[in-house]
Amino acid sequence: MDRSDWRQDRWRVKRILQAEQAQGEVFVQGWLRTVRRSKGVVFLALNDGSCLDSLQIVVGEDSPSFQVAGELGTGACIGVRGMLVPSPGEGQNWEVQAGLITVYGATDETFPLQKKRHGFEYLRTIAHLRPRTNAFGAVFRVRSRIAHAVHSFFQERGFVYVQTPIITANDCEGAGEMFRVTTLDPENPPRVDGRIAWHEDFFGSKTGLTVSGQLQGELFATAFTDIYTFGPTFRAENSNTSRHASEFWMIEPEIAFADLAVNCQLAEDFFRFMVSYALEHCRDDLEFFNKFIDNGLIERLEKVAGTAFQSMSYTEAINRLQRSGRSFEFPVAWGCDLQSEHERYLTEQIVGGPLFVTDYPQGIKAFYMRRNDDGKTVAAMDLLVPKVGEIIGGSQREERLDVLQHKMEAFDILPASLEWYLDTRRWGSCPHAGFGLGFERFLMYITGMENVRDVIPFPRTPGNARF
RNA sequence: UCCCCGAUAGCUCAGUCGGUAGAGCAGCGGACUGUUAAUCCGCUUGUCGUAAGUUCGAGUCUUACUCGGGGAGCCA
């Protein structure tokens, strides 16, 4: 239900532009994208973030604010009271004939945003102002809608939303380097026998920021059957790529009584639901991306929304790569992890769309993944998509206590640190599965933006935590 | 962390063989009764990333460093 008229005292630009008839006097507030002056008339383009388009404000010589309007610059924040009338000009159906204009915040010639296209790299250096641009307005509106779509999808299907902890003492999840959380004095930490006495730290043990909510998600899946998490995740890896951030958001469903096939089906349903949702609810913004960022975007999204995903086992993928006749920088051999170039070739060249690769060799995957009957592979799956690469990683979890204990031994993980995790296998264990989807990677896929730093409001990457 | 590329006006970029800095946009002033990143005329803008070196002379060549980008690894 649309309640964007929740305030009686002013209109949002989006609602005005959707008007089907003249509305009489309106009051609007926002920021100016452009100011065009002629001898007897000033045109203002007013944007309030409600939609991509701006509202045209026409200030005639008869307006009490004609003088004021002529002195406004790009970026100024104003309120306008005026009559909403059909626009005689090209390019918009409605415009506001300005009466009184209130200037909340003027700008001067040092305002960094101009009415021209800026490079994304430059805009990253002014991340506090970039939401006021067309591209980032579109990005963050889409981000908001898609976040909502995540909850819609799972809530409609009876999944319980779990807020897994951000501070955790799990140090052996194997998903990446952790940021340390401590209140010990870094200059002079307490020591026992020369080693830092972590038991004297705030939580009585060594803690860090979560690298995944999966393990706790599994605990809740053994009570609520179907659950999901959606929250921030932190990796202290020194990754300097367009696809990695130190702080990002991840969606992790975990489902009981499910094998890998059900897991893949859920991932596909989810992915396609989100794409359809974006096409339906973010149309204007997607058209902007399609026009200025990625010309094939909408066509690609529509195809993905309407087509079943392909799937192949790791073993088959290796065979297909070997038979491709293509020479890769890294050799293709069973037992080796797929390199980025291999993944790209599979999803972009061989399949030309999203692709599940399943059943990887157990040596290259995490300890908790369920061992297959062949004794060599585990029930793991990655979803690869063109341009972005790996966007989902998941697996059926090892629910057999003895097998899991052996795996932990083989991976050099001390069972003592995860007794609570093993307890779920001790009592009332059940087959279950789950996956993680990188929210920003999905946004990259949906918007065509090519850098993870440009789909997260204030990106954190090695060497940068500004704003 | 490794490999490659880059850093010149507020922004986007050009700058030849080493010879002393330039275009568009923005900004400022003016013109124009309705524009769509308006148009037209005029004007202003520089520690050439930092430090050192080679040279009569360095934006240009060399080295180191800083920052940014692309790729790789790690992964989402």
Side-chain angles (χ1 to χ4, degrees), chain A residues 32-45 53-62 66 71 73-75 85 87-92 95 97 107-126 133-134 173-177 211-214 232-252 267 292 328-330 337-344 364-366 382-385 388-394 435-445 450-456 461-464 466:
Chain A
L32 297 181
R33 286 293 162 77
T34 65
V35 177
R36 293 184 292 270
R37 299 172 55 190
S38 273
K39 184 165 188 186
V41 61
V42 178
F43 296 95
L44 310 174
D53 290 326
S54 296
L55 175 65
Q56 173 153 286
I57 310 291
V58 185
V59 192
E61 276 179 303
D62 51 336
F66 178 69
E71 290 162 6
T74 298
V85 298
S87 175
E90 297 284 317
Q92 61 278 317
E95 65 185 25
Q97 291 283 351
T107 50
D108 59 25
E109 68 281 359
T110 61
F111 182 62
L113 292 173
Q114 299 163 17
K115 46 185 178 184
K116 58 164 279 193
R117 220 167 159 177
H118 291 281
F120 290 134
E121 295 162 31
Y122 169 67
L123 291 170
R124 259 170 239 154
T125 69
I126 50 168
T133 63
N134 287 337
E173 294 173 21
E177 283 296 309
V211 293
S212 167
Q214 181 200 316
T233 307
F234 307 88
R235 304 269 168 96
E237 300 285 352
N238 192 7
S239 293
N240 292 291
T241 81
S242 55
R243 320 184 294 289
H244 290 84
S246 308
E247 176 183 296
F248 63 99
W249 282 58
M250 191 155 61
I251 297 140
E252 296 178 288
F292 292 108
F328 295 100
E329 190 187 338
F330 294 90
D337 212 348
L338 295 175
Q339 305 292 315
S340 285
E341 57 170 345
H342 305 145
E343 294 181 343
R344 272 204 311 275
I364 60 173
K365 286 292 182 182
D382 284 347
L383 179 66
L384 311 178
V385 297
V388 178
E390 183 180 343
I391 201 165
I392 285 177
F435 63 83
L437 175 136
F439 188 52
E440 284 76 19
R441 290 204 182 158
F442 183 78
L443 289 170
M444 289 166 72
Y445 184 78
E450 289 183 343
N451 195 309
V452 71
R453 297 170 183 86
D454 296 329
V455 294
I456 194 163
T461 51
N464 178 30
R466 285 188 70 208

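Hydrogens, waters and symmetry mates are skipped; everything else that's a heavy atom, side chains included, is used. Predicted, not measured: the structure shown is a model, and the values here were computed from it.
The two residues A:Arg466 and A:Asn464 make their nearest non-hydrogen contact at N-OD1, 3.1 Å.
In this structure, the nucleotide among B:G34, B:G27, B:G69 sitting nearest to the side chain of A:Pro88 is B:G34. Relative to the side chain of A:Val41, the nucleotides B:G34, B:A72, B:C75 differ in distance, and B:G34 lies closest. In this structure, of B:A26, B:U35, B:A76, it is B:A76 that holds the atom nearest to the side chain of A:Met250. The side chain of A:Asp337 approaches B:C75 more closely than any other nucleotide in the set B:A72, B:C75, B:A37.
A 3.5 Å limit on both hydrogen-bonding distances identifies B:A52 as the Watson-Crick or G-U partner of B:U62. Base pairing annotation: B:G27 forms a Watson-Crick or G-U wobble pair with B:C43, both donor-acceptor distances under 3.5 Å. With both pairing distances under 3.5 Å, B:G22 is matched to B:C13 as a Watson-Crick or G-U wobble pair. Using the Watson-Crick or G-U wobble rule with both distances under 3.5 Å, B:U1 pairs with B:A72.
Sorted by first then second residue, the salt bridge (Lys or Arg N to Asp or Glu O under 4.0 Å) pairs that include residues 109-119 of chain A, not counting sequence neighbours, number zero.
Taking 4.0 angstrom as the limit, A:Arg243 places none of its side-chain polar atoms (N or O) nearer than this to OP1 or OP2 of B:G71. Contact between the side-chain N/O atoms of A:Arg344 and the OP1/OP2 oxygens of B:A72 is found at a separation under 4.0 Å. For B:C25, the OP1/OP2 oxygens have no side-chain nitrogen or oxygen of A:Lys116 closer than 4.0 Å. The shortest distance between the side-chain N/O atoms of A:Arg124 and the OP1/OP2 oxygens of B:G69 is below 4.0 Å. For the OP1/OP2 pair of B:A72 and a distance below 4.0 Å, the side-chain nitrogens and oxygens of A:Asn240 include no atom meeting the criterion.
Under 3.5 Å, the side chain of A:Gln114 and the base of B:G10 form at least one donor-acceptor pair of N or O atoms. A donor and an acceptor atom sit less than 3.5 Å apart, one in the side chain of A:Arg441 and one in the base of B:C75. Put simply, the side chain of A:Arg36 and the base of B:A37 share no donor and acceptor less than 3.5 Å apart. Evaluation of atom-type donor-acceptor distances gives a pair under 3.5 Å for the side chain of A:Ser239 against the base of B:C74. Interface remark: the A:Glu90 side chain does not form any donor-acceptor pair with the B:U35 base, using a distance-only criterion of under 3.5 Å. A donor-acceptor contact under 3.5 Å is not formed by the side chain of A:His118 with the base of B:C11.
Put simply, A:Phe248 rests on the base of B:A76: the two rings are less than 5.5 Å apart at their centres and nearly parallel, under 30°.
Both A:Ser38 and A:Gly73 lie near RNA chain B, and the one whose nearest nucleotide falls closer to the 5' end is A:Gly73. Checking A:Thr241 against A:Glu121, the closest nucleotide of RNA chain B that is more toward the 5' end is the one next to A:Glu121.
A gap of 12 Å separates the P atoms of B:C4 and B:U63, to the nearest Å.
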